[in-house]
Structures are given as structure tokens and as C-alpha cells.
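Input: a single structure, listed below in C-alpha cells.
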Amino acid sequence: MTTSPTVLAEVESGVLKLTLNRPDKLNSFNEEMHLALRSQLERAHEDEEIRAVLLTGAGRGFCAGQDLGDRDPRKNTERPDLGHTLETFYNPALRLIRALEKPVICAVNGVAAGAGANIAFACDIVLAAKSAKFIQAFSKIGLIPDAGGSWTLTRILGEPRAKALTMTAEPLLAETAAEWGLIWKALDDDALLPEASALAQRLAAGPTLGLGLTKRLIQEAANRDFDSHLDAECDCQRQAGRSDDYAEGVTAFLEKRPAQFRGR
Ligand code: T3D
């Protein structure tokens, strides 16, 4: 296992497990954690052995967004340029998650606030402990919902719920988030990590080239009309149909045995 102080990283059976690791600060982001997460996400893009990513948090929280200790106005004479933080840290990380053509599973083990909540929502499959809650904490400190939150919440929930959640900063319980379609499932706390790890391993052993194309198509769907999306499906299916995994999947079906996918 390789460790860094702020993000723990380990690869097992094709799954890169990343654990945000500043538990005494509820895994809020300082610069070191931003850089560590980005470097691990870049590794996930580059390393063919990695076929899925599992993101979670150490301790009782998932992530409380930006470390506000680094933003103390009493210690800084100049007003900060928060757009710079988004451009430099959050947005590149979110783009890496969305562009990664491999499944990204998020196991939300506890409170997810501010950018912490919205990073979770940017992942492909989100499981949360029933004790977890999601808080759009930004309005409590005079900020706007960032890390893609104003986009994701509006797309998934529609304007009424997106506006209420972000303007009131009321906590959203994991079970309600699942009912509203913001996350995949809310699980008993003890079941979260075993289920999330099993899911990540199952996907990592799957036809990850096809899963990556599926992710791309679903993310692009809202930006296309039906007719042009049919063409995009045609292009992706052509690519999937030429893969080793498709040949193996069909052969395994015909031979009545489990398929051995390799992600190519
Ligand atoms: O700044 C930019 O670059 C722009 C980008 C902004 C992105 C953002 O994410 S802005 C939003 C920042 N996050 C927040 O506003 C959330 C702040 N935290 C909270 O509201 C609460 O901590 C929670 C609701 C998340 C959890 O509450 P609770 O009661 O379960 O825990 P707690 O006691 O408040 O926190 C436990 C410890 O974590 C505590 O430290 P202590 O007193 O034990 O030494 C607390 O100060 C620390 N902590 C929690 N969140 C943060 C934090 N420390 C620094 N920054 C935090 N965001």
C-alpha cells in the first residue's frame, strides 16, 4: 500500500481505492490533499491495470469541502480569489473523474458538505451510509454551490429542489438522496464499505472498455438530440463490437461459462 498523508491509495484486483485522509478536519481539502487526489486521478487515467476507482473518506466524515482554516479572513489581509482555487484544483479533479472511461464508485461514509458533497455526486455510482448526510454548506458562508453542484443538482433534481437545498443548506439524508435519485443506494453503515468494494471489484473485472463507452454516452446524452445520439451510439457500439471483451462475452455465453473480461 502506498500512502500519502492526505490521500491513502491502494490497488487491489484492478480497483484503485482512494481514501481522503484528514479525519480530524472531516477530510476537508487543503492544498496537499487537492494535489494528492489529482495525482491519483491522473494515475487512474494512465495505468491500464486500474479498471475502477473507489473513493471514500477516513473517520466519521466523507469530506467537508474546502478547509476553512486556510481561508481565515482574520489572518489574511487580502480577499481571496476563490475562482483561482476552482480553476486550479476542484475543476481539474472533477473533469478527471468525469473523463475517466472507467467506473468511479463513491462510498460516502459520513457527512459530505460543500464541495465534498458535489465531488461525490460527480462520481458514477454513489453508495452512502444511512448515517451520512449531504449538505450544500456554501450558502452558510456566502458562497455559491461549486464543484459542479449547481449543474448536477439542477439536472438531477430540477430547479425547485436544487434551489431549496442550496439556499437553505439543510442536510439531505442519505435515504432521501437515494429516493430522489441523487445517489444509487443508502446502506446500513456496516455494509457500506464491503458492498462498495465488492461492486468496484465486480466492475473492475467486467468489460471496462464497454463500461467506459457507456459512461461517455450517458454523460453526453443531455447535450444531444435523440437523432444525433443514435449516431453516437452507433460509433461506440462499433468500437465495443471490435473489442476482445465482446468476442469473449459472446464466446463465454455460447460455451455456457463465465466470461473473463480484460478491458480491451
Ligand atoms: O475556498 C475555496 O477555495 C472555494 C471552494 C469552496 C468549496 C467549499 O467546499 S466551500 C464549503 C466549505 N465547507 C463548509 O462550509 C462545511 C464546514 N463544516 C461544517 O459545516 C460542519 O463541520 C459539518 C456540517 C460538515 C459537520 O458538522 P459536525 O458537527 O458533525 O462536525 P464539526 O464539529 O463541525 O467538525 C469536526 C471537526 O472538523 C472540527 O474541528 P475541531 O473543532 O474538532 O478541531 C471542525 O472545525 C472541522 N471541520 C469541519 N469542516 C471543516 C473543518 N475544518 C476546516 N474546514 C472545514 N470545511
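Just so you know, these numbers come straight off a predicted model, no measurement behind them. Whatever order the structure lists them in is the order used to number ligands and atoms, beginning at 1. The figures that follow rest on heavy atoms only: side chains count, while hydrogens, waters and symmetry mates do not.
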task = Examine the proximity of ligand 1 to S28 and report which part, side chain or backbone, both or neither, has a heavy atom under 4.0 Å away.
result = side chain

ask   = Nearest 0.5 Å, what's the CD1-CD1 distance between I119 and I97?
value = 6.0 Å

ask   = Sub-3.5 Å donor-acceptor pair from the side chain of R38 to the main-chain atoms of T88, do we have one?
value = yes

key: Which of the ligand 1 atoms, numbered from 1, are nearer than 4.0 Å to a heavy atom of A113   = 25 (C)

query = What do you reckon, does K140 put a non-hydrogen atom under 4.0 Å from ligand 1?
reply = no

message = Strictly inside 4.0 angstrom of atom 3 (O) of ligand 1, do you find any protein heavy atom?
response = yes

ask   = Does ligand 1 have a heavy atom under 4.0 Å from the side chain of F89, from its backbone, from both, or from neither?
value = neither

message = Please determine whether residues L55 and V108 belong to a single hydrophobic cluster, defined as Ile, Leu, Val, Met, Phe, Trp and Tyr linked transitively by side-chain heavy-atom distances below 4.5 Å.
response = yes

request  = Using a 4.0 Å heavy-atom cut-off, say whether Y90 meets ligand 1 through its side chain, its backbone, both or neither.
outcome  = side chain

note = Between the CD atom in E255 and the CZ atom in F253, the distance rounded to the nearest 0.5 Å is 12.0 Å

ask   = Can you tell me if N21 uses its side chain to pair, donor with acceptor, with the backbone of P5 under 3.5 Å?
value = yes

message = Can you name the atoms of ligand 1, numbered from 1 with element, that are less than 4.0 Å from a heavy atom of I135?
response = 24 (C)

query = Would you say atom 43 (O) of ligand 1 touches the protein, meaning some protein heavy atom is under 4.0 Å from it?
reply = no

message = Below a 4.0 angstrom heavy-atom separation, can you tell me which part of D67, side chain or backbone, both or neither, approaches ligand 1?
response = both

ask   = Just which atoms of ligand 1 are under 4.0 Å from any heavy atom in G114?
value = 9 (O)

message = Let me confirm one number: the CG-CD distance from L8 to E10, rounded to the nearest 0.5 Å.
response = 8.0 Å

Residue, atom name and distance, where the atom is the protein heavy atom closest to atom 17 (C) of ligand 1 = L68 CD1, 4.2 Å

key: Carboxylate-amine/guanidinium proximity below 4.0 Å for E48 and R262   = no

request  = For atom 5 (C) of ligand 1, find the nearest protein heavy atom and state the residue, atom name and distance (0.1 Å precision).
outcome  = D146 OD2, 3.2 Å

query = Measuring to protein heavy atoms, does anything land under 4.0 Å from atom 50 (N) of ligand 1?
reply = yes

note = A student checking ligand 1 against G65 at a 4.0 Å heavy-atom cut-off should list atoms 9 (O)

Lys/Arg-Asp/Glu bridge criterion (N-O < 4.0 Å) met for K130, D189 = no

key: Part of D24 with heavy atoms under 4.0 Å of ligand 1, whether side chain, backbone, both or neither   = backbone

inquiry  = Can you tell whether the side chains of R216 and E101 come within less than 4.0 Å, N to carboxylate O?
reply    = yes

query = Of all the non-hydrogen atoms in the protein, which one sits nearest to atom 53 (N) of ligand 1, and at what distance?
reply = K25 CD, 3.8 Å

task = Heavy-atom distances under 4.0 Å are what count here, so tell me which part of A115 touches ligand 1: side chain, backbone, both or neither.
result = both

key: From OG1 (T166) to CD1 (I135), nearest 0.5 Å   = 14.0 Å

request  = Look at atom 57 (N) of ligand 1 and say which protein heavy atom is nearest, naming residue and atom and giving the distance to 0.1 Å.
outcome  = Q66 O, 2.8 Å

query = Are N118 and ligand 1 in contact, using a heavy-atom cut-off of under 4.0 Å?
reply = no

ask   = Does a side-chain N-to-carboxylate-O contact under 4.0 Å join R22 and D67?
value = yes

key: Same apolar cluster: F62 and W180, side chain cutoff 4.5 Å   = yes

Closer than 4.0 Å: a protein non-hydrogen atom to atom 38 (O) of ligand 1 = yes

request  = Starting from atom 29 (O) of ligand 1, locate the nearest protein heavy atom and write down its residue, its atom name and how far away it is, to 0.1 Å.
outcome  = R60 NH2, 4.6 Å

key: Sub-4.0 Å protein heavy atom next to atom 20 (O) of ligand 1   = no

query = What distance separates I144 CD1 from S150 OG, expressed to the nearest 0.5 Å?
reply = 5.5 Å

task = Mark up the atoms of ligand 1 that fall under 4.0 Å of a heavy atom belonging to R71, in ascending order.
result = 1 (O), 2 (C), 3 (O)

ask   = Tell me, which protein residue and heavy-atom name are nearest atom 13 (N) of ligand 1, and how many Å apart are they?
value = A64 O, 2.9 Å

message = Quick check on contacts: which atoms of ligand 1 are under 4.0 angstrom from a heavy atom of A137?
response = 14 (C), 15 (O), 16 (C)

query = For atom 35 (O) of ligand 1, what is the nearest protein heavy atom, given as residue, atom name and distance?
reply = L26 CD1, 3.6 Å

request  = Taking all heavy atoms of I156 and all of G181, pick out the closest pair and write down the distance.
outcome  = CG2-O, 3.5 Å

ask   = Can you tell me how far the CZ atom of R98 sits from the SG atom of C123, to the nearest 0.5 Å?
value = 10.0 Å

